[in-house]
2 protein chains.
Amino acid sequence: MNSVNLKQLARELNLSVSTVSRALRDSWEISTPTKQRVFALAKEMNFQPNPYASSLRKHRSRTIAVVIPEVANNFFALAIKGIETVARAKGYHVLIYLTNEDVAEEAAIASSLQSGRVDGVVLSLCGSAQDTRHLLELQQRNIPMVFFDRVSEGITAPKVMTNDYESGFVATEHLIKSGCRRLAHLTISMCLSISLKRQQGYLDAMRRFERDGGIIHCGSDDEANYRLIRELLAREDRPDGVFASVEKLAVQVYHVCRELGLRIPEDVKVISFSNLVTASLLNPSLTTIAQPAFDMGKEAATILFRRLEKKYIVTPEDRVMLPARLEVRESTGAGLSR
Amino acid sequence: MNSVNLKQLARELNLSVSTVSRALRDSWEISTPTKQRVFALAKEMNFQPNPYASSLRKHRSRTIAVVIPEVANNFFALAIKGIETVARAKGYHVLIYLTNEDVAEEAAIASSLQSGRVDGVVLSLCGSAQDTRHLLELQQRNIPMVFFDRVSEGITAPKVMTNDYESGFVATEHLIKSGCRRLAHLTISMCLSISLKRQQGYLDAMRRFERDGGIIHCGSDDEANYRLIRELLAREDRPDGVFASVEKLAVQVYHVCRELGLRIPEDVKVISFSNLVTASLLNPSLTTIAQPAFDMGKEAATILFRRLEKKYIVTPEDRVMLPARLEVRESTGAGLSR
DNA sequence: AAATTCAACTACAACGTTTTCGTAAATAAT
DNA sequence: ATTATTTACGAAAACGTTGTAGTTGAATTT
């Protein structure tokens, strides 16, 4: 426990508690010599104001929450880094909550955040069935929220996202232009707007270039996903191009291809949304759509702080779009020389 | 703001604030019918106790801090997941702080934690020069700490670590038995005990098997590291076996080898401490020493909570050792068939 | 019948800050 | 010289919860 408090400082200095408090906040009501005495003693006694007393009194915690589906994923890890960087620069603290892609956990977390523990929330939705009541309740408590990447269309709040539709289109187009005839799209959720947009980009590109192909609906169970992908690639009429909406699925495609003896890119071309640092070192290197994860985190946090400082008014159509980048590599046929 | 509080509940129920408080904590002093009335109304009004008032009064925040060098790294990401899992199960909240491998930032964070904001800290040291005064100060404030992976030898606190010396020895031995004659060890810090232990394992294995080789001291500047590694591998008498102490450096070895046209494992064999999920998919797949990151996080958090519940007495030599696993893959010559 | 115990509640202070409202002395304005 | 203003501080009331120390009225014991 930190036991040095204002009262002790005040006693030692023959001042009142309020004077010491004001002096420490550099109030103009306090004379310079007094301030100096207070600062000196506070430093000497290593005074640290009790954040809970302060939060209680001021109704502000200088703390935000980050709610994400998982952390062992370079995208979210980088986003956290972006958020934490901005937050610490602003003197805020960052609480982290993992939903593990489970809407029930997400709801429990949202509910616990109604207590006023945090001044605001940065979040990315989980992929399981989206009932957003728990988030609406948070919003009704006037706790500002900012979404990033996996946004909710049903909630009026700032959203930081990538150009998912275009990226889905471009990814598909790239597969087609690399010579694929039968495609498959591996998606992670039918509830997330980003998934639907990527999927729509895929479908539109397919129609535009008159190709065939289906959509495989994967979930959060890795083993089930593996079986689905294996089944897909073991079929007689297997696709010769696979577009994975998240890197986890692309990794599984690689494993399945190894197991089935399929060559990438000769037999199957692969492209994926991904922020893997090792994409270029994979065998073969993986063509990716890389999102600016760190910047998305930074941007989301920046918007949140602007809201907290009341310098920001939320409009219904309030979104920032940070574009993803296509990085062409061997898995779609580039530089086949080995 | 959450404006429904005990006072409002009490007024509504014609009870005193203290009775409502006790009823909600299910005290035996309150009759069952009263409790039921209180519970019912609390639920109806969606009452959430103010955590800051409670923390102020009880001198306990039900919050812990996790202080780590970085998050965009599978080891730390998994450790966070382990910590968060245990913490949430215990009803605790997790604050996250990134030191970015900078001891000054680490000190600033430690200092801010002296305020009593958290009940305890789980931490892994940064790799830059270790002056641990800031941590000792935290300890003097009676804030329990538990180290994991990058522990401090100078501080009496529980430590969760891997068998770094043995792993360093085994990794080196594995390179030697794979046919390497000239080795090199890439280390990240001369201040971290884990680095020194891995290095000592390397040195002892070298002496034991009578091989030559040096140690390259890398830092936190990626570009400088790249130059160091490039210089090492461009030399006439370059090593034919490289043991990287962290995955970041192994990835750079791969890049340098590409650039220089060196073949792995034919020209250079590579082994690294790493938790990369894609280790087996790299070109060639990377032989790793994998640490049980998730379990280390869980274990560290578990110990911390035992301390917080006073069910734990710290002894000077208080450490849990979770063994790392050697995963042999192509980068050290296994299964050369492609 | 008086004293004791007990069950079920209430009053109030405390936790450490911040903020509102004063107030005394010093200075300036009239 | 009197009043107004300014400067520099203090007293006390919040913030919402919890713990200690009562206070009832009823049940039990003596």
Side-chain angles (χ1 to χ4, degrees), chain A residues 1-39 41-42 45-63 91 112 114-119 141-142, chain B residues 1-39 41-42 45-63 91 112 114-119 141-142:
Chain A
M1 289 311 130
N2 179 15
S3 53
V4 36
N5 54 23
L6 288 182
K7 203 187 289 183
Q8 291 180 29
L9 288 180
R11 195 180 327 138
E12 201 94 2
L13 291 160
N14 262 320
L15 289 170
S16 76
V17 169
S18 37
T19 301
V20 177
S21 172
R22 261 178 289 241
L24 289 171
R25 332 211 107 246
D26 205 18
S27 159
W28 52 268
E29 291 186 90
I30 307 298
S31 70
T32 316
T34 304
K35 278 185 197 170
Q36 284 171 346
R37 285 176 59 216
V38 173
F39 280 130
L41 188 69
M45 297 181 68
N46 196 10
F47 168 73
Q48 298 273 8
N50 182 313
Y52 296 113
S54 181
S55 294
L56 175 60
R57 183 58 230 245
K58 299 207 289 192
H59 302 282
R60 291 187 71 218
S61 60
R62 295 194 83 75
T63 304
S112 89
Q114 289 185 30
S115 64
R117 182 179 294 275
V118 297
D119 296 341
R141 297 256 182 171
N142 276 322
Chain B
M1 291 307 132
N2 178 17
S3 54
V4 37
N5 55 22
L6 287 181
K7 203 188 287 184
Q8 290 180 30
L9 289 179
R11 196 183 322 141
E12 200 96 2
L13 290 160
N14 261 319
L15 288 171
S16 76
V17 169
S18 34
T19 302
V20 176
S21 172
R22 259 176 284 253
L24 289 171
R25 330 210 109 245
D26 206 16
S27 159
W28 51 269
E29 289 185 89
I30 308 298
S31 69
T32 316
T34 304
K35 279 185 197 169
Q36 284 170 346
R37 287 176 57 215
V38 174
F39 280 128
L41 189 69
M45 298 181 66
N46 196 9
F47 169 73
Q48 298 273 10
N50 182 311
Y52 295 113
S54 184
S55 294
L56 175 60
R57 184 58 231 245
K58 298 207 290 192
H59 301 284
R60 291 187 70 216
S61 60
R62 295 194 83 75
T63 304
S112 89
Q114 289 186 29
S115 65
R117 183 179 292 275
V118 297
D119 297 341
R141 297 256 182 173
N142 276 322

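Reminder, nothing fancy here: chain letters follow the sequence lines and each chain counts from 1. No hydrogens, no waters, no symmetry mates; every other heavy atom, side chains included, goes into these values. All values derive from a computational prediction rather than experimental measurement.
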Dump every N/O contact between nucleotides 24-26 of chain D and the protein below 3.5 Å, one line per pair.
none

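Using a 4.0 Å heavy-atom cutoff across all strands shown, B:T34 reaches sugar-phosphate atoms only and no base atom. Among the atoms of the strands shown, only primed sugar atoms or phosphate atoms (P, OP1, OP2) are found under 4.0 Å from some heavy atom of B:R25.
For A:R37 and D:dC9, the CZ to P distance is 9 Å, given to the nearest whole Å. When the P atom of D:dA8 is taken as reference, atom CD of A:E29 falls 10 Å away, rounded to whole Å. B:Q114 places its CD atom 17 Å from the P atom of C:dG16, with the value rounded to the nearest Å. The OH atom of A:Y52 sits 18 Å away from the C1' atom of C:dT18 (whole-angstrom rounding). Atom-to-atom, NE2 of A:H59 to P of D:dT17 comes out at 11 Å; the value is rounded to the nearest Å. Across the protein-nucleic acid pair, A:Q48 atom CD and C:dT17 atom P stand 11 Å apart, rounded to whole Å. A straight line from CZ of A:R117 to P of D:dT17 spans 13 Å, rounded to a whole angstrom. Between A:K35 atom NZ and D:dA8 atom P the separation is 9 Å, expressed in whole Å.
Judged by distance alone, with hydrogens and angles left aside, the side-chain atoms of A:R22 form no donor-acceptor pair with the main-chain N or O of A:E29 at under 3.5 Å. Under the 3.5 Å distance criterion, the side-chain polar atoms of B:S61 are matched with a main-chain donor or acceptor of B:R117. One N or O on the side chain of A:S55 and one on the backbone of A:P51 form a donor-acceptor pair closer than 3.5 Å.
For D:dT18, one of the phosphate oxygens OP1 or OP2 lies less than 4.0 angstrom from a side-chain nitrogen or oxygen of B:S54. Remark: A:N5 is in phosphate contact with C:dG16, judged by side-chain N or O atoms under 4.0 Å from OP1 or OP2. Proximity of A:S31 to the phosphate of D:dA8: no side-chain N or O atom is located under 4.0 Å from OP1 or OP2. The side chain of B:S18 contributes no N or O atom lying less than 4.0 Å from OP1 or OP2 of D:dT18.
Projected onto DNA chain C by closest heavy-atom contact, B:L15 and B:L56 fall at different nucleotides, the more 5' of which corresponds to B:L15. Taking the nucleotide of DNA chain D with the nearest heavy atom to each of A:N14 and A:K58, the more 5' of the two is matched to A:N14.
B:P49 and A:S115 get closest at one heavy-atom pair: O-CB, 3.7 Å. Looking at every heavy atom in both residues, B:R37 comes nearest to B:L13 through NH2-O, 2.7 Å.
Taking the C1' atoms of five terminal pairs at each end of the helix from C:dA1-D:dT30 to C:dT30-D:dA1, the two resulting helix axes are inclined by 60°, rounded to 10°.
Using a 4.5 Å heavy-atom cutoff, the side chains of A:V20 and A:F47 are not in contact. Between A:N50 and B:L56, some side-chain heavy-atom pair lies under the 4.5 Å cut-off. Contact of the A:L24 side chain with the A:L6 side chain is registered, since non-hydrogen atoms from C-beta on lie closer than 4.5 Å. A:N5 places a side-chain heavy atom less than 4.5 Å from the side chain of A:Q8.
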For this session: For B:R141 and A:N46, run side-chain contact (heavy atoms from CB on, under 4.5 Å): C-alpha distance rounded to whole Å, both residues' side-chain angles, the deciding distance at 0.1 Å, then the answer.
Result: CA-CA 11 Å; B:R141 297 256 182 173; A:N46 196 10; 3.0 Å; yes
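Between D:dT18, C:dT19, D:dG16, one nucleotide has an atom nearer to the side chain of A:R57 than all others, and that is C:dT19.
A donor and an acceptor atom sit less than 3.5 Å apart, one in the side chain of A:R22 and one in the base of C:dT20.
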